[in-house]
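One structure below.
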Amino acid sequence: MNIIKKLKLYRIKTVLKYIPTSWKNSVMLSNLSKQNRVISFFSLLYWYYFYGFDFIDYCSFRFWELSAAERKSYISYRRNDVLRFRLSDPESYDLFLDKALFNEKFSQYIQRDWKLLSETTPIDDLDSFMVRHPDVILKPLCDYGGHGVIKLSNKISDEEKRQIFKDKDSRYIVEECIENNDNLKRLAPGSLNTIRFVTLIDKYGNLNVLVSVLRMGNGTSFMDNFQSGGLSCTIDPQTGELRGNAHGMNCTEFEYHPYSGIKFDGYKIDDFQKCLDLLKELTQVVPGARYVGWDIAITPRGIEVIEGNIPPGEYVTQIASGRGLWYEILDMI
């Protein structure tokens with residue numbers, strides 16, 4: 001067993017599955033980096049096998065522009081999981097993964113109406129909820145990255161509802177749709193745009209806000225998630241203004257929002273300081289969760305917590321910071 005661990009033979013099966021994907025992605029990578037496709041392919045495999053950087057990481061951090069030492073300073077998806085185990089106990093992780101448990105624990109910071117749907121009568125529960133709220137968001141109980149999230153209106157047919165709940169093993173929560181204040185709605189009106197704060201409680205018990213980034217929809221999607229076509233732009237923690245260009249999947253970059261046409265750099269986020277103040281309270285609710293990505297919405301009703309993520313997405317976190325945080329975080333914990 002020790003030899004297997006030392007040689008990392010347990011990764012071979014995963015890497016073998018990753019080979020076809022790497023070969024496919026090497027086309028895009030070779031076009032971006034202007035290097036031979038074969039070189040791009042083996043580079044993808046090398047950094048995946050030894051350090052756990054998948055294509056999203058490799059592309060998001062523009063690895064072809066970095067030295068080997070600079071690449072090693074970044075958190076990969078594998079390293080992000082290492083941080084999750086070191087900086088959160090099992091109970092905290094389970095609580096943050098389960099959206100219903102999270103909403104209950106942080107209920108004083110959540111103003112929107114929500115409900116955990118019954119395992120046996122989810123359609124009846126959904127119907128009763130939509131009497132109060134004609135437009136709702138349906139979320140898988142334990143998932144991340146916007147996977148399986150659906151926006152529904154009361155015009156949905158019974159057959160469409162049955163199709164949603166045909167998987168008997170899936171459980172959902174339903175939430176009323178909420179909107180941003182005018183300041184954020186103006187920027188990307190089709191989605192609920194949230195601020196992702198990445199916080200770390202260091203070895204001395206101090207709160208560190210590592211990253212603050214605005215996540216917004218692209219104008220066609222109702223979600224702001226990176227994996228769902230959303231954009232992210234760094235927020236200056238001192239001024240509350242957006243800094244630089246916004247970034248999307250597959251190395252896309254935007255100076256102006258593709259839908260609203262508003263320039264990102266210098267755009268002021270109203271009530272940003274109130275969000276920072278709220279973090280001081282949020283990070284004390286579950287002491288066992290030391291490394292969290294908080295999604296916070298600014299609405300006409302005030303500041304609202306949408307969810308917490310353990311661990312935070314490594315790509316959004318380090319695109320926003322503009323540098324690798326692996327060794328920096330290790331020094332803090």
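The shown structure was predicted, so the numbers you read here are calculated from the model rather than taken from an experiment. When a residue number appears, it is its place in the shown sequence, counting from 1.
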In terms of hydrophobic clustering (I, L, V, M, F, W, Y; side-chain heavy atoms under 4.5 Å; direct or indirect links), are L29 and F50 co-clustered? yes

Test of understanding: with salt bridge (Lys or Arg N to Asp or Glu O under 4.0 Å), list the residues that count as partners of E104, not counting sequence neighbours. none

Set of side-chain contact (heavy atoms from CB on, under 4.5 Å) partners for K161, sequence neighbours left out: I123, L126, D127, I156, D158

Under 3.5 Å, side chain of R290 to main-chain N/O of L200, donor-acceptor pair present? no

Modelled atom types, side-chain donor and acceptor of E255 and N245, under 3.5 Å: no

What pairs with Y93 under side chain to side chain donor-acceptor pair (under 3.5 Å), at least two apart in sequence or on another chain? none

Evaluate the ring pair (Phe, Tyr, Trp, His ring centres under 6.0 Å) criterion for residues F197 and F272: first the C-alpha distance (whole Å), next the side-chain angles of each, then the deciding distance (0.1 Å), finally the verdict. CA-CA 11 Å; F197 291 98; F272 180 74; 5.7 Å; yes

Heavy-atom check, side chain of T317 versus side chain of I75, under 4.5 Å: no

Inter- and intrachain pairs under side-chain hydrogen bond (donor to acceptor under 3.5 Å, both in side chains), touching residues 19-28, at least two apart: S26-R37

Any salt bridge (charged side-chain N to carboxylate O under 4.0 Å, His left out) pairs touching residues 52-62, not counting sequence neighbours? R62-E65

Applying side chain to side chain donor-acceptor pair (under 3.5 Å) to N36 and not counting sequence neighbours gives none

Geometric class of the Y18/Y48 ring pair [parallel <30°, tilted 30-60°, perpendicular >60°]: parallel

Do any pairs count as a salt bridge (charged side-chain N to carboxylate O under 4.0 Å, His left out) and have a residue in residues 183-209, sequence neighbours left out, and if so which ones? E179-K185, R196-D295

Quickly, which of E176, E304, E307 forms a salt bridge (charged side-chain N to carboxylate O under 4.0 Å, His left out) with R112? Name it, please. E304

Residues passing the side chain to side chain donor-acceptor pair (under 3.5 Å) test with N180, sequence neighbours excluded, are N193

Sequence neighbours left out, what passes salt bridge (Lys or Arg N to Asp or Glu O under 4.0 Å) with R171? Give chain and number order. E119

Only pairs under 3.5 Å count here: list side-chain donor-acceptor contacts from residues 274-282, not counting sequence neighbours, and write none if there are none.
residue, atom, partner, partner atom, Å
D277, OD1, Q273, NE2, 3.1
E281, OE1, Y109, OH, 3.0

Tell me every residue that passes salt bridge (Lys or Arg N to Asp or Glu O under 4.0 Å) with D236, counting only those two or more places apart in sequence or in another chain. R243

What verdict does the ring pair (Phe, Tyr, Trp, His ring centres under 6.0 Å) test give for F96 and W294, after you've listed the backbone C-alpha separation in whole Å, the side-chain angles of each residue and the deciding distance to 0.1 Å? CA-CA 10 Å; F96 276 74; W294 304 93; 5.6 Å; yes

Across all chains, not counting sequence neighbours, the side chain to side chain donor-acceptor pair (under 3.5 Å) partners of S157 are E160

Could you give me the CA-CA distance, side-chain angles and deciding distance for W47 and Y74, then say whether ring pair (Phe, Tyr, Trp, His ring centres under 6.0 Å) is met? CA-CA 11 Å; W47 289 97; Y74 276 79; over 10 Å; no

If I take atom CZ from residue F129 and atom CG from residue L152, how far apart are they, to the nearest 0.5 angstrom? 11.0 Å

